Structure formats: C-alpha cells, structure tokens
Amino acid sequence: MLTKKYGTVSILLAANVADGGRTIDEVPTPFKADVQALLKTDELSSEPTLPAASTDSGNGFAKNDTQEVAK
C-alpha cells in the first residue's frame, strides 16, 4: 500500500519504466526520486502497487467499457 500521494506524471513514468518503455536514466530529474520510490514499492510486493488510472473523468460519469458507441 502506498502511504505517499504521487503525482500523475510520476505514476505514468514509473509505469513506463516498469513495462520497459523507458529506463530510469531517461526519467527527467525532477521525477526520478518519486519514480524510483514507486518502482521499489512495486518490487517489494507480490501484487502490483502502481495506482490504477482514475475511472472518473470528473464529470460525474464513471467509465464503462461495456457501453456501445453511437454510430
């Protein structure tokens, strides 16, 4: 469980490093400490601990992948 709140950019960069999209050396310096902390937390647990992306866009409607798009 994460005890510190991380910014969205740090979370996205950590996910990108975790999935091999970039290396920790490619992470911009202002975010490197948070990304390393997130990756360390992820390595210590048996389940992924990176927070899931929000399903609420802020407009009061939750994302629902089962809805059909009007054609």
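Positions are given from 1 along the sequence. Computed from a prediction, not measured in an experiment: that's the story for all the values here.
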Please table the atom pairs, donor to acceptor, closer than 3.5 Å between any side-chain atom in residues 7-20 and protein atoms at least two apart or in another chain.
unit_1	atom_1	unit_2	atom_2	d
Asn16	OD1	Arg22	NE	2.9
Asp19	OD1	Gly21	N	3.0

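With Asp34 as the partner, the salt bridge (Lys or Arg N to Asp or Glu O under 4.0 Å) test is satisfied by one option alone out of Lys4, Lys5, Lys40: Lys4.
In this structure, NZ in Lys32 is found 12.0 Å from CG in Leu39, a value given to the nearest 0.5 Å.
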